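Since this is a predicted model, take the numbers as computed values, not measurements. Numbering of ligands and ligand atoms starts at 1, following listing order. Just the heavy atoms: all of them, side chains too, but no hydrogens, waters or symmetry mates, feed the values below.
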Amino acid sequence: MTEEDTLDDAALENDNGADSVVRRDRFSGGPARGFLSSLAADERIFAADLAVDRAHVVMLAECDVIDDETAGDVLHALDAIEVDGHAALPEGEDVHEAIETAVIDEIGADGGKMHTARSRNDEVATCIRYRLREDVIAALEATLALREALADVASEHVETTMPGYTHLQPAQPITVGHWALSYEQAVRRDTERLLGAYARTNVSPLGGAAFAGTTFDIDRERTAHLLGFDGVLENSMDASSSRDFLLETVQALSTLATTLSGLAEDVIIFANRGFVYLSDDYSSTSSIMPQKKNPDTLELVRAVAGDAAAGVQGLTTTLKGLPRAYNRDLQRATPHAWSTVDAVSEASRVAAGAVATADWNAEALAAEAGAGFSTATGVADLLAANGLPFRTAHEIVARAAERAAERTSGEGASHAAEHGADYDAIHAAAADVLEEPLEGYVDPEAVESALDPAQSVASRDSTGGPAPEAVSSQLESAANALESDTEAVQALEDDLDDAHANLRSEVTGYV
Ligand code: ARG
């Protein structure tokens, strides 16, 4: 040991009593002290740790593991520590150790009774679950806001025809309402996945201790109840060491972020084509090109899928292959969850705002709805519905498209692609393919109607299709699902509020 190291250690001991009280000097951390410490990152679970300490102390007193007076002193000290805040904590390897040190500093050695029948292993696992609940509720609320915004757009645009694409090529006309509900239904599943992850997060590991339980006669159900958990994780080794709840939550968030990135990309493309105008609040400009209005917010929403994928990757690789039970690697697993939930919740809120404030250009959309002969499938369907084999109908319409392209080639190839075939072209193509006139199969007016984008949309009224009545029933299911999920999320929030109030009143009985 160099002289400098010795001096450092001595100086640390003089600075605060942490190492001599909670930690034995031998494990003060030395040069790796900062590397070992999670104290700064633990700010996120400062309030959670205070709640976990309170619930544990109340339970220890109820089970006569510690006396009521000591419990009262500890709970009193915890209140003072809360008022002073995380920044005022003494040095420590983490927030759990620092709070315990602060309690001992405040009331003396009896403060150490707080840590009876538990370990930092079950303590930290409980804190993370406790805190993550509120973050997942925030993410859930963001999904609800987005679903509402998408459903509002849909109900306003049940009849607004627009081009639908596959491979980014004009494919079939749809409506803005149909498009918006396609994302609403995807986000609905993202809400469900997050609710599932919440249910498995909302169970208490407390009392699992280091991993092998405890000799003290404790009541794990009681601390679970005081902290608002639905129950306990039974196996003490699983309780203290498993982090699949983090992985599952981050995976659900990553799936949501992937949904958001597709939505953002669509809107960026639509804005580029003049189909939709983003509100200035969700646009940015160029520092050099004064005319520019850029969809930067949506580009950032699109990019958050990368943050979320990084969270999944970081967590998976950190957790992979960890032996039972607690390993310090777990300390570095947690921040992946915080960064992911923050990024994805914010992106969801921004996406909801951008969607809610965007203006759809119905005229430009209608003008493009039939582009690229997008009604061709509907015409082929019509011929098939009138007795022609679908393959023959497909052939006729394909030839008509070719004829139209040839006929308009003088005006540039793209003109044909833009306008497609008219009745005459279909009639002529049918004459080539069939030995008999088209009129024998189908009324020319019906063909004209199938060529019209709005009529084409109206005719595709199968369940979930773009026809206004099919979209209306999707709107109904969107509203019902939004209502029941809003209630479910509200119930989760109420449970946490109730637990919070209940714990406070239990604590008040001692202080
Ligand atoms: N700061 C640690 C974490 O986040 C707390 C648990 C430490 N436990 C231990 N045995 N070193 O995981």
Once you restrict both partners to nitrogen or oxygen, which atoms of ligand 1 have a protein partner under 3.5 Å, and how far apart are they?
from     : atom 1 : to   : atom 2 : distance (Å)
ligand 1 : 1 (N)  : S38  : OG     : 3.2
ligand 1 : 1 (N)  : D94  : OD2    : 2.9
ligand 1 : 1 (N)  : Q331 : OE1    : 2.8
ligand 1 : 8 (N)  : N121 : OD1    : 3.0
ligand 1 : 10 (N) : N121 : OD1    : 3.2
ligand 1 : 12 (O) : Y326 : OH     : 2.4

Side-chain donor-acceptor pairs under 3.5 Å in residues 132-146, sequence neighbours left out?
from : atom 1 : to   : atom 2 : distance (Å)
R133 : NE     : Y130 : O      : 3.4
R133 : NH1    : N202 : OD1    : 2.8
R133 : NH1    : L227 : O      : 3.1
R133 : NH1    : G228 : O      : 3.1
R133 : NH2    : L227 : O      : 2.8
D135 : OD1    : R44  : NH2    : 3.1
D135 : OD1    : R131 : NH2    : 2.9
D135 : OD2    : R44  : NH2    : 3.1
D135 : OD2    : R131 : NE     : 3.1
T143 : OG1    : L140 : O      : 2.6
T143 : OG1    : T191 : OG1    : 3.0

**Asked** Sequence neighbours excluded, which residues qualify as side chain to side chain contact (heavy atoms under 4.5 Å, CB included) partners of D498?
**Response** none
**Complete:** For G465 and A470 the tightest heavy-atom approach is O-CB, 3.3 Å
**Message:** Is it the case that the side chains of Y183 and D266 hold a donor-acceptor pair, with the cut-off being a distance below 3.5 Å and no angle test?
**Reply:** yes
**Item:** Polar contact flag, side-chain donor to acceptor under 3.5 angstrom, D67-T70
**Value:** yes
**Prompt:** Does D296 have any salt bridge (Lys or Arg N to Asp or Glu O under 4.0 Å) partners at least two apart in sequence or in another chain, and if so, which?
**Reply:** none
